[in-house]
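Working notes for the structure below.
Note that the numbering runs from 1 along the sequence shown for the chain.
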Amino acid sequence: MQLDPEDLAKISSLTLAHYEENAESFEAGTRDHDVSQNIAALLRHIEGEPPYDILDFGCGPGRDLKTFAALGHRPVGLDGAARFVDMARAASGCEVWHQDFLRLALPAGRFDGIFANAVLFHVPGQELPRVLRELRDALRPRGVLFSSNPRGGNQEGWNRGRYGAYHDLEGWRALLEQAGFQELEHYFRPDGLPREQQPWLASVWRRLD
């Protein structure tokens, strides 16, 4: 089904409204999530000497911004929810940009790595190729993109007040390769559980030039 501009505006506004209304409970419920495996996956593939310029895409209240800064890197946050932007700035002391994922204005060649943890699944499938190209262009040559998304059967729609698109590995791989990325690795989370108990697909990609 083709989404028109009115549909896309509704998807953005309602999904962001959900996060605005639940910002405090979201922060409390996610502050202790261990994503060290994901952070390490991004950092080990970035070439050159640290510190690195990293975009935390969909940074939420700023948990991972704080981690990247504590590791000595130069993180910048981005989120579409104004409440999250305020919370992330206060929590991390980092620069945080307020941008809708469907109306990005990213500087070209600015980042060594992009950390998109539990966020790109909110981009409708028809818009995802464009958004992925915009992320690619924001990376320096051979820069690295990390993504983690709830996996599914390439379906999308509303789920508890938020819009989501749920890709399988093959579908996700095709989208990233078409956007100009080369796969470096992928894995399923949480670590150490049977596949049916691993709802998250994590993957790492290098910008091709």
Side-chain angles (χ1 to χ4, degrees), residues 15-16 19-20 22-101 103-123 131-132 134-150 181 184-187 189-191 200-207:
T15 301
L16 290 172
Y19 283 112
E20 297 280 6
N22 297 280
E24 280 72 23
S25 61
F26 182 89
E27 190 280 331
T30 60
R31 71 170 64 127
D32 294 326
H33 284 187
D34 181 6
V35 296
S36 56
Q37 180 185 17
N38 295 347
I39 289 172
L42 170 70
L43 294 177
R44 72 169 160 264
H45 287 292
I46 298 177
E47 298 175 343
E49 292 300 314
Y52 301 127
D53 293 305
I54 295 169
L55 176 64
D56 188 352
F57 184 78
C59 65
R63 179 197 63 206
D64 302 331
L65 277 174
K66 291 167 60 178
T67 299
F68 283 120
L71 291 171
H73 301 294
R74 298 183 293 261
V76 174
L78 183 152
D79 208 278
R83 183 75 185 106
F84 280 164
V85 170
D86 291 342
M87 294 168 75
R89 287 171 178 161
S92 68
C94 296
E95 183 178 1
V96 182
W97 301 338
H98 184 203
Q99 294 188 25
D100 187 312
F101 298 161
R103 295 192 297 272
L104 295 172
L106 300 175
R110 167 73 167 76
F111 298 102
D112 301 299
I114 296 176
F115 189 67
N117 188 71
V119 58
L120 283 172
F121 76 101
H122 285 315
V123 178
V131 172
L132 290 173
E134 290 172 345
L135 294 179
R136 176 195 176 278
D137 291 345
L139 286 167
R140 294 182 175 128
R142 295 185 61 77
V144 177
L145 168 68
F146 170 88
S147 75
S148 178
N149 295 306
F181 288 96
L184 299 173
E185 67 169 299
H186 72 268
Y187 53 90
R189 281 178 50 87
D191 192 33
W200 293 90
L201 168 62
S203 54
V204 191
W205 306 83
R206 189 176 306 286
R207 171 181 169 163

Problem - Ring geometry between Tyr187 and Phe146 (parallel below 30°, tilted from 30 to 60°, perpendicular above 60°) - result: tilted
Exercise for the section: Applying side-chain contact (heavy atoms from CB on, under 4.5 Å), run through Val85 and Trp97 and close with a yes or a no. Expected result: CA-CA 7 Å; Val85 170; Trp97 301 338; over 6 Å; no
Problem - Sidechain N-carboxylate O distance under 4.0 Å for Glu27, Arg63 - result: no
Exercise for the section: Go through the structure and list residues passing salt bridge (Lys or Arg N to Asp or Glu O under 4.0 Å) with Glu20, not counting sequence neighbours. Expected result: none
Problem - Partners meeting salt bridge (Lys or Arg N to Asp or Glu O under 4.0 Å) with Glu95 (sequence neighbours left out) - result: none
Exercise for the section: Take Phe57 and Phe115 through the test ring pair (Phe, Tyr, Trp, His ring centres under 6.0 Å) and record every step on the way to the result. Expected result: CA-CA 6 Å; Phe57 184 78; Phe115 189 67; over 10 Å; no
Handout entry: Check: Phe101 and Leu120 side chains under 4.5 Å, non-hydrogen atoms
Key = no
Completion exercise
Applied to residues 103-118, the salt bridge (Lys or Arg N to Asp or Glu O under 4.0 Å) test, sequence neighbours excluded, yields Asp53-Arg110, Asp100-Arg103, Asp112-Arg140
Practice task
For Arg206 and His45, indicate whether the former's side chain and the latter's backbone hold a donor-acceptor pair under 3.5 Å.
Solution key: yes
Fill in the blank from the handout: For Arg89, the salt bridge (Lys or Arg N to Asp or Glu O under 4.0 Å) test, sequence neighbours excluded, returns none
Handout entry: Side-chain donor/acceptor of Asn149 to backbone N/O of Phe121, under 3.5 Å
Key = yes
Practice task
Answer yes or no: is there a side-chain heavy-atom contact under 4.5 Å between Asn117 and Ile39?
Solution key: no
Problem - Residue list, salt bridge (Lys or Arg N to Asp or Glu O under 4.0 Å) with Arg207, at least two apart or on another chain - result: Asp209
Problem - Check: His186 side chain, Val204 main-chain N or O, donor-acceptor pair, under 3.5 Å - result: no
Exercise for the section: Not counting sequence neighbours, which residues clear ring pair (Phe, Tyr, Trp, His ring centres under 6.0 Å) with Phe84? List them please. Expected result: Tyr19, Phe26
Practice task
Answer yes or no: is there a donor N or O on one side and an acceptor on the other, between the side chain of Glu47 and the main chain of Gly143, under 3.5 Å?
Solution key: no
Handout entry: Aromatic ring proximity Tyr52/Phe111, centre distance under 6.0 Å
Key = no
